[in-house]
Number of protein chains: 2
Amino acid sequence: MHHAFQNGYGTDMARPRTFDEDRALDAAMRAFWANGYEATSTQDLCEATGLGRSSIYNTFTSKHDLFRRALTRYIEIMSAPQAEILEDAGRSGMERIQALFARIVNSEYEYREDDEASIGCLTVNTVVELARRDPEAAALVERDLGTRLGLLRIALEAGQRDGTITAERDTDALARFINATIGGMRVSAQAGAGRAALESIADTALVALRP
Amino acid sequence: MHHAFQNGYGTDMARPRTFDEDRALDAAMRAFWANGYEATSTQDLCEATGLGRSSIYNTFTSKHDLFRRALTRYIEIMSAPQAEILEDAGRSGMERIQALFARIVNSEYEYREDDEASIGCLTVNTVVELARRDPEAAALVERDLGTRLGLLRIALEAGQRDGTITAERDTDALARFINATIGGMRVSAQAGAGRAALESIADTALVALRP
DNA sequence: CAGGTTTTGTACTGACCCATCCAATACTTG
DNA sequence: CAAGTATTGGATGGGTCAGTACAAAACCTG
């Protein structure tokens, strides 16, 4: 008996899938992101992905597992460009933080249905809705928090060296402050803040980083 | 035929309630606060309040209506002491903001089951989980946001007059910044930040307000 | 204590929940 | 083209959801 290989080519295949697993995962991620875990039913996931129940359960074993993968993917997608910004040796420390904030503001508009309210950030949404009672989700976001704080520290240390970031506070505290500011911007966006308001928040936060 | 008066004494009564409506509302508020709207079932509400289904539906007509009242009550309970702090003429503008932050930090520990993670802030939780698809909830938190921004502006204007708050930025922007910082602290707390981390975030934010 | 009225517990409703089962389908390999 | 295998759609299952119906209980008023 041959193993399943869950469509991992290289074994004798039978009927191939008619959908792209990554695209389906993206669609599911969007659904969870926009509506939250509890409010997204498996039926919703079928409609969002265009798949039937069998295909979903055959591919992603359970709603919870699908969410875990969706959250993992979200974190991957979002982390990479942020890392690029924060580790960009071509910019000063302060410029990196500024660029990060700009990206956060833009992201609130990139992933939004027209004239709907912002859907915020899946990580923040997960912390608020789920982290207390879902240890797996909590572990994922905690891990993500750790890496983001690390990246922030890298940029902040660069800023302290090049003189664009205050050296009066340790980078750990500053990193947590920036992270909290981003969370606050995300919540503000979901509460209806417009682009100007978000930019103003970011701009004000930068004052605290000045030397 | 006499009207119901929903146990509003003053009419001929029949069987009186064996529970206190306010206490029940408090218990329901706690349940929603800790677990969110979707994840709190009517059964959970029965257990949290100690009431039977009949009593709950007789008193609060529906889960959604009970949530609306719980959120309203939460906002009432939290607003009053914050207003007192922000309008306290005995303190400088900066001191008022400092005191507000201190209160936020403390509140993350007052309402927490022992060694459990923080349950955050019902307003923030509602914005994130519900505001996009529940217009009533959105209206309540938006209204609350308006009054809080107003109170913050009062303190900030006082601070600009007494010289403890920078006059380089208008109070509207500063108020939004502080509000976002509070939201960020709330999310950070739910993500596992301890007291020291929260105090550090608040302390760093204050730097941006200095003249 | 009797009449009237509200509360309360229990059983119940119909809808939806997540997940599984199974037969029909469609493809690859030999 | 035949054999074998994975995917797919649709039906199905047990459980929980919010909310209701109803009768028994509990109390006030007169």
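Residue numbers start from 1 in every chain, and the chains themselves are labelled A, B, ... in the order their sequence lines are given, proteins ahead of strands. Side chains included, hydrogens not; waters and symmetry mates left out as well; all remaining heavy atoms used.
Not counting sequence neighbours, B:D170 has no partner by the salt bridge (charged side-chain N to carboxylate O under 4.0 Å, His left out) test. Under the side-chain contact (heavy atoms from CB on, under 4.5 Å) criterion, A:S55 pairs with A:F19, A:L51, sequence neighbours left out. Scored by the side-chain contact (heavy atoms from CB on, under 4.5 Å) test, B:D26 finds B:M29, B:R73, B:I77 as partners (sequence neighbours excluded). The side-chain contact (heavy atoms from CB on, under 4.5 Å) search around B:R68 returns B:D65, B:E136, B:L140, not counting sequence neighbours. Partners of A:A34 by side-chain contact (heavy atoms from CB on, under 4.5 Å), not counting sequence neighbours, listed by chain and number: A:I119, B:R132.
When the side-chain nitrogen and oxygen atoms of B:T18 are compared with OP1 and OP2 of C:dT8, one or more of them lie within a distance under 4.0 Å. Under 4.0 angstrom from either OP1 or OP2 of D:dT7 there lies no side-chain N or O belonging to A:S55.
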Grab the N/O contacts between the protein and nucleotides 23-26 of chain C below 3.5 Å, and write none if there aren't any.
from: C:dT25; atom 1: O2; to: A:R15; atom 2: NH1; distance (Å): 2.5
from: C:dA26; atom 1: O4'; to: A:R15; atom 2: NE; distance (Å): 3.3

Which atoms of nucleotides 14-19 of chain C (N or O only) lie under 3.5 Å from a protein N or O atom, and what are those distances?
from: C:dC18; atom 1: OP1; to: A:K63; atom 2: NZ; distance (Å): 2.9
from: C:dC18; atom 1: OP2; to: A:T42; atom 2: N; distance (Å): 2.7
from: C:dC18; atom 1: OP2; to: A:T42; atom 2: OG1; distance (Å): 2.9
from: C:dA19; atom 1: OP2; to: A:Y57; atom 2: OH; distance (Å): 2.8
from: C:dA19; atom 1: OP2; to: A:K63; atom 2: N; distance (Å): 2.9
from: C:dA19; atom 1: N7; to: A:R53; atom 2: NH2; distance (Å): 3.2
from: C:dA19; atom 1: N6; to: A:R53; atom 2: NE; distance (Å): 2.9

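Look at CG on B:L66: it is 13 Å from C1' on D:dG19, rounded to the nearest Å. One can place CD of A:E21 at 14 Å from C1' of D:dA6, the figure rounded to the nearest angstrom. As a whole-Å value, the separation of A:N58 CG from D:dG10 P is 17 Å. Rounded to an integer number of Å, the gap from B:D65 CG to D:dA18 P is 15 Å. B:I56 has its CD1 atom 14 Å from the P atom of C:dT7, to the nearest Å.
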List the atom pairs, with distances to 0.1 Å, where a side-chain N or O of residues 81-88 of chain A and a protein N or O form a donor-acceptor pair under 3.5 Å, not counting sequence neighbours.
from: A:D88; atom 1: OD1; to: A:G90; atom 2: N; distance (Å): 2.8
from: A:D88; atom 1: OD2; to: A:R91; atom 2: NE; distance (Å): 3.0

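The ring-ring contact (aromatic ring centres under 6.0 Å, His included) contacts involving residues 95-134 of chain A comprise A:W33-A:Y111, where partners must be two or more places apart or lie in separate chains. Within the structure, salt bridge (Lys or Arg N to Asp or Glu O under 4.0 Å) contacts touching residues 37-50 of chain A (residues at least two apart or in different chains) are A:E38-A:R133. Sorted by first and then second residue, the salt bridge (Lys or Arg N to Asp or Glu O under 4.0 Å) pairs with a member in residues 175-192 of chain A read A:E108-A:R186, A:D172-A:R176; sequence neighbours excluded.
Within residues 27-35 of chain B, no residue has a heavy atom under 4.0 Å from DNA chain C.
Within 6.0 Å of the CZ atom in A:R195, the count of heavy atoms belonging to other residues, nucleotides or ligands exceeds 12.
Using a 4.0 Å heavy-atom cutoff across all strands shown, B:F60 reaches no nucleic acid atom at all.
Rounding to the nearest 0.5 Å gives a distance of 12.0 Å between OG1 of A:T40 and CZ of A:R30.
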